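Scroll down for the structure; my scribbles are underneath it.
Just so it is clear: chains get the letters A, B, ... in the order the sequence lines come, proteins before strands, and each one is counted from 1. Since this is a predicted model, take the numbers as computed values, not measurements.
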Amino acid sequence: MAEIFRQSPVIFRALPINTEMREFWMVVLEYENETSGQYLVDLSHLTKWDVQSSDLSKLRPAGLKIPKKPGDCLLSDQILISRMNGTQASIWQLGKKTLPSSNESNYTDVTESTTALAIIGDKTFSITEKLSSLDFLDPRKTPPFLLQGPVSDVTCQAISVSKEQGSEGLMLTCSRAYSSDMIAAILDAGREFGLTPAGEGRFNSWMRQLNE
Amino acid sequence: MKRLENLPTLRIDSSHPISFNYKGKKMQGVKGDTLATALFSNGIRIFSRSLKLHRPRGLYSLDGESGNTLMEVNGIPNLNTENMGLKEGMNVEEQNVKGSANHDLFGFLDRFDKMMPAGFYYRSMHKPAKIWPLAMNVIKKAAGWGKISPDFRKSGRYEDLFPNTDVCVIGGGPAGMTAALSAAKKGLRVILLEARPQLGGFFDYRKRAFNSGKSLFERALELAQQVKDQENIRVFKHTSMIGAYNNNLITAFQVGGKNDYFKERYIEIRAQSVVVATGCIERPLIFENNEKPGVMQVACAHRLAHTYGILPGQRAVFSVGHNLGLEAAIDLYDLGLDVACVADCRETGHDPELIDQLESRKIRLLKGWIALEAQGKKMLNSVTIGTLDRSIKSVIKCDLLVASAGHTPISGPLSINQAKLKYDAQTNFFLPTDIPAKTHAAGRLFGFEWPESIEASGKLAGLKAAADCDVSCVTEIKKVQKSLTNLPGPEEGNKTIMAPVEGRKSFICFDEDVAIKNIKQALNDGFDVPELIKRYTAAGLGPGQAGIPGHNLPLFVADFQGKSPDSINPTNQRAPLVPTSLATYVGAHNDMAKRTPINDLQIKDGGIFRRIGIWERARYFSEDLECKEEILNVRNNVGMLDGSPLGKFRIHGPDALKALQRVYISNIEKLKPGRIKYSAMCNEDGCVIDDGVITKLAENDYYFTTSTGRAGNTVEWIRYHTRYDNWNYHLVNLTDAMGVLNLSGPNSRKVLEKVTDSDVSNENFSFSAVIEIKIKNQIPVRAMRLGFVGELSYELHVASSFLPALWKIIEEAGQEFKISNFGVEAQNVLRMEKCHLILGQESEQRTNLLDVGMGFLWARKMSAENKVGAVALRQASEDKTRLKLVGIKMDDPNRPAKDGSIIVDKKIRGYVCTMRKSLTLKESVGMALVDEEISGVGTHLQIYEDECEGNTISASVIKMPFYDPDGRRMKI
């Protein structure tokens, strides 16, 4: 009998060894052989919001101020807010915290719209450099910062989260339907550096490392 | 050949042999060799034959300035062996020879050069016309640059790289390295590109003193070490720049080494500032037979010995025009070369120290002498030298003629970046002027020869580049500028580029066999500037990218015309500056396509996929391309189609309706919750660009669909057309967020009823209605009652992550009703039978709403001024000259016309949009856009298909729709 489940757009050819069901999503916490130091994590199941307003300064998602300048980001208390342009921002719920104001008409849940990924490891930007001309290491910008443009020829929102030695990492979203080719392109680019799929646990420990 | 050993400049490792095959014969080179140097060390002197005249060609330069050493390597022709690193097991073959390079049966063509004057292929063999194909075949067989099998698959991994940097330095010689170091010391990110496998440039192989403490090659090593130690300098060796574009976008390609992950990679560098320090190539000396094997450039001979440990000959004559020629003669003499004499066409400008050294070695220096002719059947065996006025001549036996007229700056990177070139009398160079902002030049390309001057100019350029990146260094720039003015400036360049000879076999371009006489012919034919001469004679059009003709062409043209070089411009250079393979440009080749959430499930179900726009879609579900089973199953039972690529949007906010009213041609205001409105969008010309349905979710909250092809443009389209209104609405593209399962066929309700508790009866859920239901009490679905394929149908819109589960649930529930997949081709036929349109298929760019019979959508009573396209539609509504969409039926029911075929009488009267053989109707039917005057039902049409050779096929206009004209089946 057919079961009810939600399927991530990301399908890794790796063996999950620790999983968790969340509202019909099977979230992989850990894959076998996560030892390379360079990780690609599927975050497509995390809730993401599109928020639009002619005056974003009046909105306080999760009590936080939306950054003023397009490209600026705020990472606080498991909420990541990226200012996209003058009237639009995106919000990632990285933990269990929900947005109290999300029922307002300014907000649209776009979790399903995107493939969301994190690339973690000291070779993160060597990998992205093979895929994109976006300057994730721009010395004039302080992480986290958002760049919008092509990664492997697909328009993406990419957030350079950390370029500090030892905690390098980047998060990106692209249209959900590009997932298959995007994953293939990233893993192919990362093969020489040992990039391997990793579960959400790896992402969470990276977040903890950043907080520390 | 035994290699020279214990030279501190060597870049080879003789203890590390590398085997390769040359024409099936096993040979050996050593680590660090290029393929050309390995061949040379194995005694190969004739590498190839020339393009047209099949003259023997040998090693002349070492940086790929000509096609002399192009060979077929591992099955790939046209590879320049001069700058190709030797690898174990390479298989090398000659190309463009009949027989062998040593004994080429086409070698006789050299005697028929008079039959191939400048531009002969533009003027001869054209009349009578039938000669041309014959002649073309003969020419193709006799000339060419090798062959490759169409099935050949290139091995190896090709990649891309897109680095960003503050400063990009092109050229890893002394100027480039000092530029990189000075910018990097300011804390900037620096990228340094070097075409050779090592840094050092023209310091790298020279043992002459840099200063009292060290030699030039030691200084090169010292600088290279400093570069290596500077963490913020990224060095790309074996990397050639190929293009420069706006905003300092520099393109290059890198050849991978043994330990690299790639074979070659294409690099796009975005830099704040660029420094060009590419130095010079040698300026070929023009004399009779100046390309005969045994003749080579100074740096070629010098580097063969100092870098690769190969003595280039036994007995040599030098014919040079610069001090590096004297230095090379001294160095090579010291290594055992018998130097018969050094003919130097200059009367003055000789370095006294070098003259002393020549004298101490008893090497004759003949000032004002020049090589007149190289002799020998295939290989050089003697050379005639003489004074510039030819009053004295002498024939000297030798196997090596080292010849060079001077130097030519490598200005290509600057000129493709829009710098201008202007003649400079001091250096006899065409120097870059009007260099664009944030681009700088340094080093030898300005004519500097003095080592410290070169470095100072590099440092200055590096600091200027740093200043471009907002680093404050004005004081330092002034200081370096001052020190540079105190150092020796650009040296006087030799003005003589050609011996006093007639020029029949004095080649100005080796690649295309263009001799001086051909240039004279072009001038006599009226082609009086280098750009025209280049095209008429093909000089500089070969794979050497004008490396040999370079600036010799404009200098000769000026001289021959009795003009000052001031008045003449060199030919333009264009990307790619260095030839590379298409595979390198293609790089990693990530072909990015969109796939629906049930892509894999459809593959398992036997879906045959085709790329449709940006989507991979299941077009068929069997090898039957007419989709008989798929179509009949929808008509008789129930089918399921993946409609996820459909554009899907939410628009909400106080002014959402106003925005919809602006872009949709209908009146959306009348739309009630729970109902669906079908409408279309037009452009400003009234041409229909999109159609879809709109539903009202709540007050000021709408959900609408667009065609797949327009989905990517919809947000911009609506924002553009409301940009001045300051309306408050929010627009979100949900195309990827929502998957769509299309359930169609008379049994579709029965299937749906099995999986939901909601009332989906016709009474509660009628045609054109939308309801929110739950599948299995869990999966929220927006269900729309539509009928694109002309049957009872449901469009089930669901969160993409739920679509695979929904698909499986529906598939399982539908088994008892013979549910099966149908693909987009079956859908195309089904909707065509119903005459439902697909925009883009039944319309083209000029087709307006009225042409396709969709005028009923237009809210004519609304103000046209505020509705995109309405004004134009009003103007077009009485126009009788437009094409009209009609239904057509072929006279032969088994012979559908091809889509796109034209409808003709005495002229073109329209075209077939879509036509298929209808299994339901047992007729070949379709839709066509035709002139209004032939659009009446019953009109006979003649259809002209491509390749029909004038035999048209007949059809007639029929009423639409063809299937279920009353629409009962959709509404059951």
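Between chain A and the options B:H730, B:R265, B:K808, the largest number of non-hydrogen pairs under 4.5 Å is found for B:H730. Among the candidates B:R234, B:M738, B:E268, the residue making the largest number of heavy-atom pairs closer than 4.5 Å to chain A is B:R234. Between chain B and the options A:S152, A:S54, A:S126, the largest number of non-hydrogen pairs under 4.5 Å is found for A:S152. When B:E811, B:E616, B:R189, B:Q778 are compared by the number of non-hydrogen pairs under 4.5 Å with chain A, B:R189 comes out ahead. Put simply, of B:T596, B:D600, B:N728, B:D591, the one with the most heavy-atom pairs under 4.5 Å next to chain A is B:D591. Comparing B:I267, B:D166, B:I269, B:L731 by how many heavy-atom pairs each has under 4.5 Å with chain A, the most go to B:L731. The candidate from A:D50, A:D188, A:D153 with the greatest count of non-hydrogen atom pairs under 4.5 Å with chain B is A:D188. Contacts with chain B were tallied for A:T128, A:L131, A:V51; A:L131 has the most, counting heavy-atom pairs under 4.5 Å. Between chain A and the options B:F802, B:W807, B:F262, heavy-atom pairs under 4.5 Å are most frequent for B:F802.
B:Q272 CD to A:D135 CG: the interatomic distance, rounded to the nearest 0.5 Å, is 8.5 Å. Between the NZ atom in B:K594 and the SG atom in A:C174 there is a gap of 9.0 Å [rounded to 0.5 Å]. The line from OG1 of A:T87 to CZ of B:R719 is 6.0 Å long, rounded to the nearest 0.5 Å. Separating the OH atom in B:Y729 from the CD atom in A:Q52 is a distance of 9.5 Å, to the nearest 0.5 Å. Atom CG in B:N164 sits 8.0 Å away from atom CD in A:E129 (nearest 0.5 Å).
When all heavy atoms are compared, the tightest approach of A:S175 to B:D736 is CB-OD2, 2.9 Å. Closest heavy-atom contact between B:R270 and A:S133: NH1-CB, 3.0 Å. The two residues A:E112 and B:S800 have their closest heavy-atom pair at OE1-N, 3.3 Å. Closest heavy-atom contact between A:A2 and B:E812: N-OE1, 2.7 Å. Shortest non-hydrogen contact noted between A:I4 and B:I775 is CD1-O, 4.4 Å. A pairwise comparison of heavy atoms in B:A805 and A:F5 identifies CB-O, 3.4 Å as the closest pair.
Residue A:K123 qualifies as open at atom NZ: its count of foreign heavy atoms under 6.0 Å is 12 or below. More than 12 heavy atoms of other residues, nucleotides or ligands shown are found within 6.0 angstrom of NZ on B:K754. A 6.0 Å sphere centred on CD of B:E772 holds more than 12 heavy atoms belonging to other residues, nucleotides or ligands. Annotation: A:D55, atom CG; neighbour count of heavy atoms from other residues, nucleotides and ligands within 6.0 Å is above 12. Other residues, nucleotides and ligands contribute more than 12 heavy atoms inside 6.0 Å of the CZ atom of B:R723. Surrounding OH of B:Y720 are at most 12 heavy atoms belonging to other residues, nucleotides or ligands under 6.0 Å away.
Both the backbone and the side chain of A:R191 come within contact range of chain B, each with at least one heavy atom under 4.5 Å from a heavy atom of that chain. For B:W615, the part lying near chain A is the side chain, with the backbone staying farther off; criterion is any non-hydrogen pair under 4.5 Å. Interface residue A:F24: only side-chain heavy atoms are found under 4.5 Å from chain B. In this structure, chain B has a heavy atom under 4.5 Å from the side chain of A:I11, while its backbone stays farther away.
Contact check on B:R650 versus A:D109 returns no salt bridge, with no Lys/Arg side-chain nitrogen under 4.0 Å from an Asp/Glu carboxylate oxygen. Here B:D470 does not pair with A:R140 in a salt bridge; the nearest charged N to carboxylate O distance is not below 4.0 Å.
Donor-acceptor pairing under 3.5 Å is lacking for the side chains of A:Q7 and B:S801.
Between the A:D181 side chain and the B:A593 main chain, a donor and an acceptor come within less than 3.5 Å of each other.
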| task | Decide side-chain contact (heavy atoms from CB on, under 4.5 Å) for B:L734 and A:S113; before the verdict, give the C-alpha distance in whole Å, the side-chain angles of both, and the deciding distance to 0.1 Å. | result | CA-CA 6 Å; B:L734 297 174; A:S113 291; 4.2 Å; yes
